[in-house]
Structures are given as structure tokens and as C-alpha cells.
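Reading through the C-alpha cells given below for one structure.
The chains referred to below are lettered A, B, ... by the order of the sequence lines, with proteins before strands, and numbering in each begins at 1. Side chains included, hydrogens not; waters and symmetry mates left out as well; all remaining heavy atoms used.
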Amino acid sequence: MNSEARLRTEVERAARSLGAPESFVPVLERPRDTAHGDWATNAAMALAKPLRRKPLDIARDLLAAMNPGAAGVAESSIAGPGFINFRLDAGHLASTIATVLAEGAAYGRSNGGSGRAVNIEFVSANPTGPLHVGHGRQAALGDAISSLLAHAGWNVTREFYYNDGGGQIERLCDSVFRRAVGEPLAEDHYHGDYVAEVAAAYLDAFAGRESVAVDAARERLRAGWEADGQLRDDVRRFAVGYLRREQDTDLKAFGVRFDVYYLESSLYTEGRVDDTLAQLAKAGHAFEQDGALWLRTTDFGDDKDRVMRRSAEKGGEPTYFVPDVAYHVTKWQRGFARAIDVQGADHHSTVTRVRAGLQALEMGIPVGYPEYVLHQMVTVVRGGEEMKISKRAGSYVTVRDLVDEVGRDAVRYFFLMRKGESQLVFDVDLARSQSEENPVYYIQMAHARLSGIFRVGEMDPASITGEGLSWDVLSQPEERELIKALVDWPALLAGATDALEPHRVANWLHDTAGLVHLWYHKHHVLGEPDAIMQARLALAKAARIVLANGLDVLGISAPERM
RNA sequence: GCGCGAGUAGCUCAGCUGGAUAGAGCGUCGGCCUCCGGAGCCGAAGGUCGUGGGUUCGAAUCCCGCCUCGCGCACCA
């Protein structure tokens, strides 16, 4: 049991002895001002109403009923309107270091997921061009959320879903063709330079296969385009493959890997779209109107009903809503207890209707399935101006642009330091020109400095076990604050995981790095009397472990030197 | 018009699910390198937490109204 749990137990026991109701759970928190101690409880104020007594009187009685020593409390006091502040003795506080050293990379991990399967779907870009900054934010977010859940004992599958058919792909196909044969593009075609690259690569491959010169290949392509459906299929397959590979390369450079790539087209070829449509049609929430088949999603909180199958004059095909539902049905059928979709906020309108579709099927899928993490838009700013263009992509800034310019670690950190619901301004100048003052380097530097102690001292960190040390020599204020941050890591990680909010980890890392720098600046390790040096080495190693664990969650490297 | 999100320091944003004197980075101004890495540290200036009500011991946080900004409101995907 850690010091927090011991203290909570003790406060609870005292509260019961004063007649607190069974349901009462005292809140323990870190006082904002460290002069108030290590922990504070609002128990006396919270009990004022049920006990019908004054908070200050209750606080006094609570303290009297407590056995402070049992919880490692060195000092306690009553302050303000009725807070009870506790100061732990140095030995109890620092004993957490031994836990950190013993658990190492596992420190902070938990097992709330107990091996259950969770599916995280993110990026899910269609293969019509390079990944843009929004995809970058999503890649960083989805990967970090995956990592959070893995740290909590979930069996995580990272999934990329993409639409390899439909109107956009045909537009891409036409764009590539026109570029290849030198015809002008229309407004709604894809305009980036990458289209020309795909076209050139295709012509090369085509020429090679037909054993003709590129010019001749171009003529054959032009001549056969309208008549030869095979040719169109060939271009489509080539272009999609080319862009998929490019997206993979970019994601790899960003340090993101997927376990499953799910093709929307497979939902059709495997008959899942038809099956889902048939089941929805007979499940009791369907109706016909204006020749189309509708689902009464308003039965499940949607603001209007949705068409499932278009009317005959509109082609009679299912709308995209059906494959969306069919796809999520597969997640459930594949055994995922949770499914989390990370998407741009412009997709928020699908949330209600997808859930409605799953509910309408009445197959026992939980009401909140799938969960959504929606993030707001990213605007990229350079030189004080919004950047909207990149040469390669034409109308948008790519992930590749950012990674090349700022570096993978910094891009990830910048995307993760803010809450997803906040709109994000990515200032390239700031991220790059101030890379020396960059928050991510600040954190990495703290890790490198701690590593440097062992390097300079010519010691193997593995030899530091923390056994047989007297922790009470770690009594400096800077040491206490740093240790408290290490104590808090598991709870912080758990909170970030529950909320699916990686930015909490990013901010905690920055704060903790600050505590490391402060401690490092103020106190020496090497050359101190042996008892102090050994204890501080243990603290240095523990802090290094926890920083590395936090950086690992965010997918950012923890360098030993910079 | 309806729905979702956001409005906190000059700028970019945190604020641990209701706590004590609201924080960080950048920017501005001023200090600190014989000492394990100065990619660091210390200090200063800078706030009617969009606004008006409400809830209670206590509100940036919860509830209601209003204002501003972003996104979305197809038999497109």
C-alpha cells in the first residue's frame, strides 16, 4: 500500500468514528501551495452538512481520532475553512523510489483492461493523396491512446480503415489519366504535384510492361481509355497502391504502425453491406418513403432519419451509412469489447447515426459503442501567416512537410500537448527556430542529464537497486517535490487513460522535467557523502525511469545524450 | 435556424472532473556559467477566467440565458 492509500484509510477510519455515513469517501489532493504540505483533505468540510457541525470542529476531532504515524505523517494542521493538511516524513515519501526501481518500465502500468480486446481506429485516410496535418494530429492521438490502453492492460489493435472505391477514387483515376496524357485538369480533379508523379510512374510501368517507349505508352493509354475498362482498373489499382505505400512511408517516418488495414470494398465483396441492410430492414425501425428505404434513427436520438437504400431513380444503391454500420458490426463480431474511433470533428454528425444503426440491429451491442475521440482542426502558421499550400499536395500541408521540417519527436509532442477538443495552431517557426527552447527538448534534456550522472560517475544504472538505503536523507524541498511527481505518475496515467486524454501525460512530463532540472541545478549527486549520494542516485534513476515511461506512452524517444 | 466544440496573461494553451493567493511555454525586462550538460536556473511585469444570472461553506470548473469564433447539418463519401 502506498502512502496515499494509507493516509486515505486513516482519514476514512477517523471519519467513521465521528459518525460519517457509509457512503462517505474523503478526497485527498495535492495542495496547490507546497507550503501547505504533501496532501490535503476536505473531509471536515464535506462532513459539515451530514454531521451538522462546524467544519473546523470536525477537523479538530478528525485529527484527534487519527493515528498519524501509521500513515507516515510527520505534521498535520488545520487551515482555511477546514482543510486538513498533512506533511509526510521523508522516509515514507521517498520509499516510493524503491517501488519505481523494482518495477522499472512497468511502473505506472495497471490491469484494468485485463487482456480484453480494444480496437482503435485512426487516420483512416482515403488513398487519394498524401496525409495532411489533420491526419498527423490523428496519428499522434490514436497512437498515444493505443499506448495508454496498452499500459492499462488492454489488448490493443490499431486499425486503419479506408475507402478504396467510390467517387473520390474515380476522380483520382481520372486525374492521373489526364496528367499522364497531358490533358488539362478540371476543377474537381486532384491538383497536387504528386498526381504527376503517380502518372509518370504509371507510364513507366506501363511502357515497361508493353515493351514500348514512354511516348508510345502515352498514346496507347489515350487511345484505349474510353473503350478499355481493364485499362482504367489498371490505373486505379496502380494509383491506389502508389499512394497507400506513400502514406505508409510517411506514417512509418512518424513512428506509427497499424495492425489491421480494413478495406471498405471488402464489406461489399463479402456481402456484409447487403446482410446489414437486410437485417436493418427487418429489425423494426425501417420504413419506405419516396421510393427509398429509411432507418428511423430518430428512435435512437438522431435529429433526422437516414436513408439506407436510395430510390430507384437515384440508382437504388445503399448509402454510405450502411457500410459504416456494417463495418462497426465487424468490430463487435471480431470480439472487441471496446471500439474507439479517432476522427476529425467534421465527422461528428456520424456519431449518433452509427450508434443508432448498431442499436437498431438489436444484437446486444452496448449503447455507447463505438466511443469517439473527436479532435478539432489544425491550422499551420509560418511567418505569422496561415499556410494552406504545399507543393506536393497542392491545397494542404502534409505530415511529411512537418516531420521533415521540425522532426518526428517535436511534431508528436506538439500534436499531443493540447487537448483534442481544442483547435490547434501549429507554428512552424516556433517549433523549428526555437527548437532549443522547445518543450520536447526540455523533457528529453532532463532525461539525458539524469543519464549523464551515471555516465560521468562511470556507474551502471543497473547496479542501483535502492536496497539498504536510508531514504530520510532525501529531505530537500526540491527532492520532495520531485518524489511526489513520481508518486503521482500511476494515478495520472490512469486518469489520462480513463479520459482518453494523452495531453495530460504531455503536460505532466513537462512539469516533472522542470522539477528534475531544478533539483539537478540545486543539488549534486556525485561526490556527496556516500549515504546521500546513494540515495540521490536512486532518485535520479527513478526519475529517469518515469520520464522514459511517460515519453514511451507518447511515442517520443528518451535519449541518453543529446 | 439546429447540433457539436471552443472562448483563461501580448501569443499558443494547461487547470487533476467543485477547493486555499488561477498556472506553463513563447515573447518583454533584469540577474546566474572554476561545480554530475547554461538545450539549464532565479526574479519582474502581464488576468473583470467572453458576458449576465443561478446552485453552495466554496465556481474557470456544475445549471440557464446571451455574445463571438470553428466545424457539421444530402437519396456525396
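In this structure, A:Tyr161 and A:Tyr327 have parallel ring planes: the angle between them is below the 30° cut-off, well short of the 60° mark.
A:Arg8 and A:Glu4 are joined by a salt bridge, as a carboxylate oxygen and a charged side-chain nitrogen come within less than 4.0 angstrom of each other. The residues A:Asp303 and A:Arg353 are annotated as not salt-bridged, no charged nitrogen and carboxylate oxygen being separated by less than 4.0 angstrom.
Taking syn as a glycosidic angle within 90° of 0, B:C35 does not qualify and is anti. Nucleotide B:U17 is shown with a syn base, its glycosidic torsion being within 90° of 0.
Ring centroids of A:Phe300 and A:His285 are separated by less than 6.0 Å, placing the two rings close together. You'll find the ring centres of A:Tyr442 and A:His517 inside the 6.0 Å limit.
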Whether each nucleotide of nucleotides 56-63 of chain B has a protein heavy atom under 4.0 Å at its base (B), only at its sugar-phosphate (S) or at neither (-) is summarised, 5' to 3', as -S------
Base versus backbone protein contacts along nucleotides 1-13 of chain B [heavy-atom cut-off under 4.0 Å; B, S, -]
--B-BS-----BS
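Side-chain atoms of A:His36 lie closest to B:A20 of the nucleotides B:C73, B:C75, B:A20. When distances are taken from the side chain of A:Ala292 to each of B:A20, B:C75, B:G72, the shortest belongs to B:C75. Nearest to the side chain of A:Val525, among B:C36, B:C75, B:A77, sits B:C36.
A distance-only check finds no donor-acceptor pair linking the side chain of A:Ser422 to the backbone of A:Gln376 [under 3.5 Å]. A donor-acceptor contact shorter than 3.5 Å is absent between the side chain of A:His521 and the backbone of A:Leu518. A donor-acceptor pair is defined here as one N or O able to donate and one able to accept, closer than 3.5 Å; no such pair exists between the side chain of A:Ser124 and the backbone of A:Phe160. In this structure, the side chain of A:His191 engages the main chain of A:Ala186 through a donor-acceptor pair within 3.5 Å. Remark: the backbone N or O of A:Trp294 is not paired with any side-chain donor or acceptor of A:Arg306 at under 3.5 angstrom. Looking at A:Tyr107, its side chain does come within 3.5 Å of a backbone N or O of A:Leu486 through a donor-acceptor pair. Although no hydrogens or angles enter the test, the distance criterion places a donor-acceptor pair under 3.5 Å between the side chain of A:Arg412 and the main chain of A:Leu554.
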According to the Watson-Crick and G-U wobble definition with distances under 3.5 Å, which dot-bracket string, read 5' to 3', encodes RNA chain B, using [ ] for crossing pairs and | for pairs with another strand?
(((((((..((((.....[...)))).(((((.......))))).....(((((..]....))))))))))))....
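Using a 4.0 Å heavy-atom distance criterion, A:Asn85 is classed as a base contact. Heavy atoms of A:Ala48 sit nowhere under 4.0 angstrom from any nucleic acid atom. Across all strands, A:Glu317 comes closer than 4.0 Å to no nucleic acid atom at all (heavy-atom distances). Using a 4.0 Å heavy-atom cutoff across all strands shown, A:His517 reaches sugar-phosphate atoms only and no base atom. In this structure, A:Lys522 reaches neither bases nor backbone, as no heavy-atom distance under 4.0 Å exists between it and the strands shown. Nucleic acid contact for A:Ala40: base, since at least one base atom lies under 4.0 Å from a heavy atom of the residue.
With hydrogens and angles left out, the side-chain atoms of A:Glu478 and A:His523 include a donor and acceptor closer than 3.5 Å. Under the 3.5 Å distance criterion, with hydrogens and angles disregarded, a donor-acceptor pair is assigned to the side chains of A:Asp164 and A:Ser265.
Between the side chain of A:Asp511 and the base of B:A14, no donor-acceptor pair under 3.5 Å is found. In terms of polar N and O atoms assigned as donor or acceptor, the side chain of A:Tyr441 never comes within less than 3.5 Å of the base of B:A39 in a complementary pairing.
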Could you run down the sub-3.5 Å N/O contacts of the protein with nucleotides 42-45 of chain B?
none

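If you take atom C1' in B:G52 and the same atom in B:C16, they sit 29 Å apart, rounded to whole Å.
Stacking between A:Tyr442 and B:A39 is absent: the aromatic ring centre is not both under 5.5 angstrom from the base six-membered ring centre and within 30 degrees in plane angle.
Between A:Ala312 and A:Gly80, the residue anchored nearer the 5' end of RNA chain B, judged by the nucleotide with its closest heavy atom, is A:Gly80. Along RNA chain B, the nucleotide nearest to A:Trp39 and the one nearest to A:Phe321 differ in position, and the one closer to the 5' end is contacted by A:Trp39.
Residues of residues 444-463 of chain A that place a heavy atom closer than 4.0 Å to RNA chain B, in numerical order, are A:Met445, A:Arg449, A:Gly452, A:Ile453, A:Arg455, A:Val456.
In this structure, A:His503 atom NE2 and B:U17 atom P are separated by 12 Å, rounded to whole Å.
Not counting sequence neighbours, A:Asp324 has no partner by the side chain to side chain donor-acceptor pair (under 3.5 Å) test.
Test A:Arg544, A:Arg455, A:Gln444 against A:Glu560 for side-chain hydrogen bond (donor to acceptor under 3.5 Å, both in side chains) and you get one pass: A:Arg544.
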